[in-house]
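Just so it is clear, the model here is predicted, and its values are computed rather than measured. Residues: numbered from 1 along the sequence shown. All values below come from the heavy atoms of this structure, side chains included, with hydrogens, waters and symmetry mates left out.
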Amino acid sequence: MALKRPSGPRPPMRKKEPEHRINEFIRVPEVRLVGDNVEPGVYPTRKALELADELELDLVEISPNAVPPVCKIVDYSKFIYEQKKKQKEIKANAKQTVIKEIRFGPNTSEHDFDFKLKHAMRFLESGEKVRAYVHFKGRAIVFKEQGEILLLKFAQALEDYGKVELLPKLEGKRMFLTLAPKTTKK
């Protein structure tokens with residue numbers, strides 16, 4: 001069953017308010033002025049607005065919590081564009097942490113254990129985190145001590161490649177262990 005939109009006129013679209021107070025919206029007696037082609041200092045707000053008008057630019061409140069608030073004489077649309085560009089750059093340079101998962105059963109054989117250990121070594125060497133877990137199916141939950149021993153053995157085998165970030169912890173039908181790569185000095 002589809003939801004029906006109520007008939008009648010649509011509610012008016014709300015204008016998005018600017019992130020910063022600009023020009024006449026700055027309601028403080030004096031401001032600290034910064035910017036290009038301006039002598040930095042504390043000015044009465046009227047004087048700062050006149051300077052911005054002379055330069056045909058906007059007076060933008062950058063730091064409203066400072067005493068007195070810091071304002072900059074700049075083209076507002078260019079200022080917003082530069083800010084968005086900086087945010088995008090910061091986001092692009094932020095390192096994403098990748099967590100690789102390795103699954104065990106409570107009765108994992110020695111060969112499977114070694115095979116998964118090699119994968120974990122490769123992940124840790126490439127700088128990724130590893131989350132190993134033992135999944136208990138049905139009545140296998142009675143072997144939770146075996147699962148914990150398996151995870152501790154796994155962590156001990158990888159102590160040259162990574163450090164334990166989270167010791168074995170049971171959550172529902174899974175027991176987790178998290179390993180982070182050791183920081184390499186360049």
Side-chain angles (χ1 to χ4, degrees), residues 1-102 119-133 158-167 169 171 176-186:
M1 181 169 116
L3 292 174
K4 279 188 155 182
R5 195 174 69 77
S7 61
R10 282 189 170 189
M13 292 289 286
R14 229 185 261 164
K15 260 190 173 178
K16 187 178 173 188
E17 290 185 25
E19 300 166 34
H20 305 87
R21 283 186 272 195
I22 58 172
N23 300 330
E24 281 73 34
F25 294 105
I26 301 171
R27 304 250 183 244
V28 290
E30 59 183 20
V31 294
R32 183 173 303 279
L33 200 56
V34 294
D36 304 329
N37 309 324
V38 178
E39 184 69 36
V42 177
Y43 291 90
T45 306
R46 286 276 144 235
K47 176 81 171 134
L49 282 167
E50 288 170 13
L51 285 170
D53 276 347
E54 286 174 20
L55 296 170
E56 296 180 3
L57 296 170
D58 299 306
L59 183 66
V60 181
E61 190 176 55
I62 295 174
S63 179
N65 299 332
V67 179
V70 179
C71 293
K72 188 173 188 177
I73 294 181
V74 67
D75 181 13
Y76 186 63
S77 55
K78 186 178 177 183
F79 174 73
I80 291 296
Y81 171 76
E82 293 291 334
Q83 271 199 327
K84 285 183 180 175
K85 195 172 168 183
K86 280 181 192 172
Q87 291 296 326
K88 209 174 203 178
E89 199 173 294
I90 289 169
K91 195 175 180 183
N93 292 339
K95 189 173 184 284
Q96 297 275 323
T97 55
V98 179
I99 298 177
K100 298 286 188 174
E101 288 194 344
I102 296 179
H119 279 284
M121 285 177 191
R122 202 169 63 227
F123 295 147
L124 289 169
E125 283 173 345
S126 64
E128 296 161 339
K129 287 185 178 183
V130 174
R131 175 188 279 158
Y133 66 92
L158 291 171
E159 67 185 355
D160 294 339
Y161 299 93
K163 58 182 180 280
V164 175
E165 210 171 61
L166 187 71
L167 286 168
K169 185 170 118 183
E171 289 180 15
F176 291 96
L177 168 82
T178 308
L179 295 154
K182 281 192 173 173
T183 52
T184 52
K185 291 178 181 137
K186 294 177 183 173

Contacts of D53 meeting side chain to side chain contact (heavy atoms under 4.5 Å, CB included) (sequence neighbours excluded), chain-then-number -> none

Taking only residues two or more places apart in sequence or in another chain, which ones pass salt bridge (charged side-chain N to carboxylate O under 4.0 Å, His left out) with E165?
K129

Out of curiosity, L124 CG to K182 NZ, how far, rounded to the nearest 0.5 Å?
10.5 Å

Got a sec, which residues hit ring-ring contact (aromatic ring centres under 6.0 Å, His included) with Y161, two or more places apart in sequence or on another chain?
none

Partners meeting side-chain hydrogen bond (donor to acceptor under 3.5 Å, both in side chains) with E159 (sequence neighbours left out)
none

Can you check whether L59's main-chain N or O pairs, donor with acceptor, with N23's side chain at less than 3.5 Å?
yes

Distance-only donor-acceptor pairs under 3.5 Å for side chains of residues 33-51, two or more places apart:
{"unit_1": "Y43", "atom_1": "OH", "unit_2": "E39", "atom_2": "O", "d": "2.8"}
{"unit_1": "T45", "atom_1": "OG1", "unit_2": "V28", "atom_2": "O", "d": "2.4"}
{"unit_1": "T45", "atom_1": "OG1", "unit_2": "P29", "atom_2": "O", "d": "3.2"}

Partners meeting salt bridge (charged side-chain N to carboxylate O under 4.0 Å, His left out) with E61 (sequence neighbours left out):
R21

Sequence-distant partners of E89, salt bridge (charged side-chain N to carboxylate O under 4.0 Å, His left out), two or more places apart
none

So, using ring-ring contact (aromatic ring centres under 6.0 Å, His included) as the criterion, who are the partners of F25 when residues are at least two apart?
none

Could you tell me which residues satisfy salt bridge (charged side-chain N to carboxylate O under 4.0 Å, His left out) with E82, sequence neighbours excluded, listed by chain and number?
none

Would you check if I26 and C71 make a side-chain contact, meaning some heavy-atom pair closer than 4.5 Å?
yes

Go through the structure and list residues passing side chain to side chain contact (heavy atoms under 4.5 Å, CB included) with Y81, not counting sequence neighbours.
K85

With rounding to the nearest 0.5 angstrom, report the CD1 to CG distance, I73 to D58.
10.0 Å

A quick test of your reading: do over 12 heavy atoms of other residues, nucleotides or ligands sit less than 6.0 Å from CD of E56?
no

Within this structure, what is the CG-CD1 distance for the pair L177 and I102, rounded to the nearest 0.5 Å?
10.0 Å

Which residues pass the side chain to side chain contact (heavy atoms under 4.5 Å, CB included) test with K100, not counting sequence neighbours?
V98, F123, E128

What pairs with R32 under side-chain hydrogen bond (donor to acceptor under 3.5 Å, both in side chains), at least two apart in sequence or on another chain?
none

Do V74 and L57 have side chains that approach each other closer than 4.5 Å (heavy atoms only, starting at C-beta)?
no

Taking atom OG1 of T178 and atom CD of E101, what is their separation to the nearest 0.5 Å?
9.0 Å

